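Here is the structure we will look at.
Atom set for the values below is all heavy atoms of this structure, side chains included, hydrogens, waters and symmetry mates excluded. Since this is a predicted model, take the numbers as computed values, not measurements. Whatever order the structure lists them in is the order used to number ligands and atoms, beginning at 1.
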Amino acid sequence: MISLFNSREEYVKALEGRGDKLRSFFEKSAPTREIDFHKDMALYLEDITVSFDGFKAIDSLNLYIKKNELRCIIGPNGAGKTTMMDIVTGKTRPDYGTAWFGQNFDLLAHSEDEIARAGIGRKFQKPTVFEKLTVFDNLELAMDSDKRVFPTLGASLNSDENYSIEVVLDKINLSSSSKKLAGSLSHGQKQWLEIGMLLMQNSQLLLIDEPAAGMTHQEIDKTAELLQLLRKEHTVIVVEHDMDFVRSLDSDVTVLHQGSVLAEGTMDKIQNDPKVVEVYLGE
Ligand code: ADP
Ligand code: MG
């Protein structure tokens, strides 16, 4: 087990005001001699368990994602992929376990809003762009409002604000469509716009649910390129079913099954793992 704390002081501070369950968990991971907590960890989930009506949707899940990593999560329906994302974003509270965003942000001690503001952004499977607004206005609305001088649509943007929208437009391949209504975009372009909206919020960790679903081959290839680009400045977790797409991302893959990790590693390793073939790929 990875020690959660860099020093004895950090550990003692973390114990303050905690319930018995968390205290006993922390005590188990008290730093002794060697301190091996990875400084470059973006997301740290350990022993996460959550039940719905007695059924364990997530069962002792451990997941460690490094900064600037692109990680694919695959697994059969009901494996717990969406519930895992719900826990990271604060929508669902686990019954047990530890969840940290970076070294200092305890996900279980913060609300959904606080978690979003701390830099975790999520894109749901179905795009939720404002169809009657232009692409540009959608991005403007999503802009981190703390940074906006006049937080109303239509108020003039300063040059930095304009620039930050143009940078995102370029990344998501929509520069030439910035004045189009979002409703007129293809399904794939709407997905990119929604990823762009996450970028406007300055999210550090991006959780992206099935970005390739319903896309054309060409859009899928562009989406893979976009995700590769994003990992340079963000940490990206992608839930996806399309195995060709997952392979093209050339990232580590985690296979979830019955709420815990069945296998983890490169796509080649995963595809040749008999356990994975049995529960998932062999379907
Ligand atoms: P996946 O996204 O991998 O398909 P989910 O995380 O959606 O899996 O679901 C995992 C399991 O938890 C499923 O058996 C699902 O029916 C159950 N589940 C998820 N959310 C709830 C809920 N709010 N209430 C009851 N059961 C749920
Ligand atoms: Mg799901």
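Ranking protein heavy atoms by distance to atom 18 (N) of ligand 1, first place goes to Phe52 CD1, 3.5 Å. Of the protein's heavy atoms, Ala57 CB, 3.2 Å lies nearest to atom 12 (O) of ligand 1. If you check which protein heavy atom lies closest to atom 6 (O) of ligand 1, you get Thr83 OG1, 2.5 Å. Taking atom 8 (O) of ligand 1 as the reference point, the nearest protein heavy-atom neighbour is Gly80 N, 3.1 Å. From the protein, the heavy atom lying nearest to atom 14 (O) of ligand 1 is Phe55 CE2, 3.3 Å. The protein heavy atom nearest to atom 7 (O) of ligand 1 is Thr82 CB, 3.7 Å. In this structure, the protein non-hydrogen atom closest to atom 4 (O) of ligand 1 is Gly78 N, 2.7 Å.
Looking at Gln191, its side chain never comes within 3.5 Å of a backbone N or O of Gly188 through a donor-acceptor pair. Here the side chain of His234 pairs no donor or acceptor atom with the backbone of Asn68 at under 3.5 angstrom.
Distance check on atom 16 (O) of ligand 1: every protein heavy atom falls at or beyond the 4.0 Å cut-off.
The heavy-atom pair separating Leu139 from Met200 by the smallest distance is O-CG, 3.4 Å. Scanning both residues, Asn162 and Phe136, for their nearest heavy atoms gives OD1-CZ, 3.3 Å. Among all heavy-atom pairs drawn from Ile48 and Ala99, the shortest one is CD1-CB, 4.1 Å.
Side-chain contact check for Glu264 and Thr254: at least one donor-acceptor pair (N or O, by modelled atom type) lies under 3.5 Å. Under the 3.5 Å distance criterion, with hydrogens and angles disregarded, no donor-acceptor pair is assigned to the side chains of Tyr163 and Glu161. Residues Ser186 and Glu219 bring a donor and an acceptor atom of their side chains to less than 3.5 Å of each other.
Near Lys81, meaning under 4.0 Å from any of its heavy atoms, are these atoms of ligand 1: 1 (P), 2 (O), 3 (O), 4 (O), 6 (O), 8 (O). Atoms of ligand 1 found under 4.0 Å from any heavy atom of Ala79, numbered from 1 in the order shown, are 1 (P), 3 (O), 8 (O).
Between Lys56 and Asp95, none of the side-chain N atoms (NZ, or NE/NH1/NH2) sits under 4.0 Å from a carboxylate O, so this pair counts as no salt bridge.
A salt bridge (charged side-chain N to carboxylate O under 4.0 Å, His left out) check over residues 184-198, counting only residues at least two apart or in different chains, returns the pairs Glu131-Lys190.
Among the candidates Lys67, Lys66, Arg71, the single residue satisfying the side-chain hydrogen bond (donor to acceptor under 3.5 Å, both in side chains) test with Glu69 is Arg71.
Around the Mg ion (ligand 2), protein atoms of type N, O or S found under 2.8 Å number 1.
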